[in-house]
Every structure is written in C-alpha cells, then in structure tokens.
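Scroll down for the structure; my scribbles are underneath it.
Keep in mind the model is a prediction, meaning the values are calculated, not measured. All values below come from the heavy atoms of this structure, side chains included, with hydrogens, waters and symmetry mates left out.
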Amino acid sequence: MTFEVLAEPVRRRILDLLRERPRLVGELTAELGLSQPGTSKHLRVLREAGLVKVRADAQRRWYELDPAPLAEVDEWLAPYRWMWADRFDALERHLDADTEET
C-alpha cells in the first residue's frame, strides 16, 4: 500500500512539505497549486495509508507526517543501497583526485 501511495508525485510533495512542519490544508493547497478538494483527496489517501495524521485545533485541522510506514520502504530499499553507495564512493574519489590536480 505504501509504495502505491508514494507513486503519486503530488503525495510525495505533500510529505516533503509536512517533513518541514505540520500544515493546514489551505497552506498545502497554496504550496501545491491545487484546488482544496484536490489537496484533500491526496491527504485522505495519505491518511488511509498511515503516512499522515490529523490533529484538530478548534476549527482547524493540522496535517502532520507520520514516518512509521516509511520504515517499510526503507527496509525494502536496503539491499539496493550498495548500487548507489558504490557510485557515490566513485564520485568522491573522482572529486578528490580533481581537487588534488588543481
């Protein structure tokens, strides 16, 4: 379920925004350039996946990131990390060599 939810770029952007701090739906709507119903639709999917929590504050609803389901994604990616870790090591060696030459 988490992977399917994260496949949508707008939902990933919402998570990026909520990583910074909790936000109201109006703030998210303004940042995303979507309609409020469109933003709410994505928030509902994220809530159902357990990636977002809602906190009521009088008439306002604060949306917050709940990173627990992302552990599933992290666990799945773990065996693949060597693929890019080797490339980062090669890039670091290249940059170090380039720096020594100048």
Side-chain angles (χ1 to χ4, degrees):
M1 171 93 173
T2 302
F3 290 102
E4 185 179 330
V5 170
L6 294 176
E8 166 59 48
V10 171
R11 293 180 198 139
R12 291 194 308 269
R13 179 71 181 124
I14 290 172
L15 294 178
D16 289 344
L17 291 167
L18 295 178
R19 187 183 63 215
E20 297 169 359
R21 61 179 174 82
R23 294 178 189 258
L24 299 167
V25 68
E27 293 177 69
L28 292 168
T29 297
E31 287 282 342
L32 298 168
L34 296 175
S35 65
Q36 185 166 344
T39 302
S40 294
K41 181 185 83 175
H42 288 294
L43 286 169
R44 180 179 48 78
V45 172
L46 290 166
R47 261 193 349 261
E48 289 173 358
L51 290 159
V52 168
K53 296 186 288 190
V54 183
R55 178 173 43 89
D57 178 21
Q59 299 297 319
R60 301 186 301 182
R61 301 282 183 262
W62 291 93
Y63 289 87
E64 303 173 343
L65 177 66
D66 184 351
L70 294 175
E72 173 189 351
V73 175
D74 184 59
E75 184 178 320
W76 184 81
L77 285 172
Y80 296 93
R81 284 204 179 89
W82 66 271
M83 293 178 172
W84 60 82
D86 287 349
R87 291 182 182 174
F88 283 133
D89 290 344
L91 177 61
E92 183 179 13
R93 285 190 299 273
H94 174 74
L95 293 174
D96 287 345
D98 194 42
T99 301
E100 291 171 6
E101 291 176 10
T102 57

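- Within a 6.0 Å sphere centred on CZ of R55, other residues, nucleotides and ligands contribute more than 12 heavy atoms.
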Yes or no on side-chain contact (heavy atoms from CB on, under 4.5 Å) for R13 and L32, after CA distance, side-chain angles and deciding distance? CA-CA 8 Å; R13 179 71 181 124; L32 298 168; 3.4 Å; yes
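- A salt bridge links R19 with D16: at least one charged nitrogen is closer than 4.0 Å to a carboxylate oxygen.
- One finds the CG atom of L28 at 6.0 Å from the CD1 atom of I14 (value rounded to the nearest 0.5 Å).
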For a side-chain contact (heavy atoms from CB on, under 4.5 Å) check, start with the C-alpha distance between L70 and D74, then their side-chain angles and the critical distance, and finish with the verdict. CA-CA 6 Å; L70 294 175; D74 184 59; over 6 Å; no
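- Cluster membership check: V45 shares its hydrophobic cluster with V10, using side-chain heavy-atom separations under 4.5 Å among Ile, Leu, Val, Met, Phe, Trp and Tyr.
- With contacts defined as side-chain heavy-atom distances shorter than 4.5 Å, the pair V25/R61 does not qualify.
- With contacts defined as side-chain heavy-atom distances shorter than 4.5 Å, the pair L34/H42 qualifies.
- Between the CG atom of D96 and the CG atom of L91 there is a distance of 9.5 Å, given to the nearest 0.5 Å.
- Checking each of D66, L51, L65 against L46 for a side chain to side chain contact (heavy atoms under 4.5 Å, CB included) leaves exactly one that passes, namely L51.
- Without hydrogens or angle criteria, R47 side chain to V54 main chain gives no donor-acceptor distance under 3.5 Å.
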May I have the step-by-step check of side-chain contact (heavy atoms from CB on, under 4.5 Å) for Y63 and L24, ending in yes or no? CA-CA 6 Å; Y63 289 87; L24 299 167; over 6 Å; no
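- With R12 contributing its side chain and A7 its backbone, the two residues share a donor-acceptor pair below 3.5 Å.
- Comment: K41 does not engage E8 in a salt bridge, judged by the lack of any side-chain N to carboxylate O separation of less than 4.0 angstrom.
- Nearest heavy-atom pair, A49 versus P69, reported as atom, atom and distance to 0.1 Å: O-CG, 3.8 Å.
- Other residues, nucleotides and ligands contribute more than 12 heavy atoms inside 6.0 Å of the CD atom of E20.
- You'll find the ring centres of Y80 and W76 inside the 6.0 Å limit.
- In terms of modelled atom types and a separation under 3.5 Å, the side chain of R11 and the main chain of L6 share no donor-acceptor contact.
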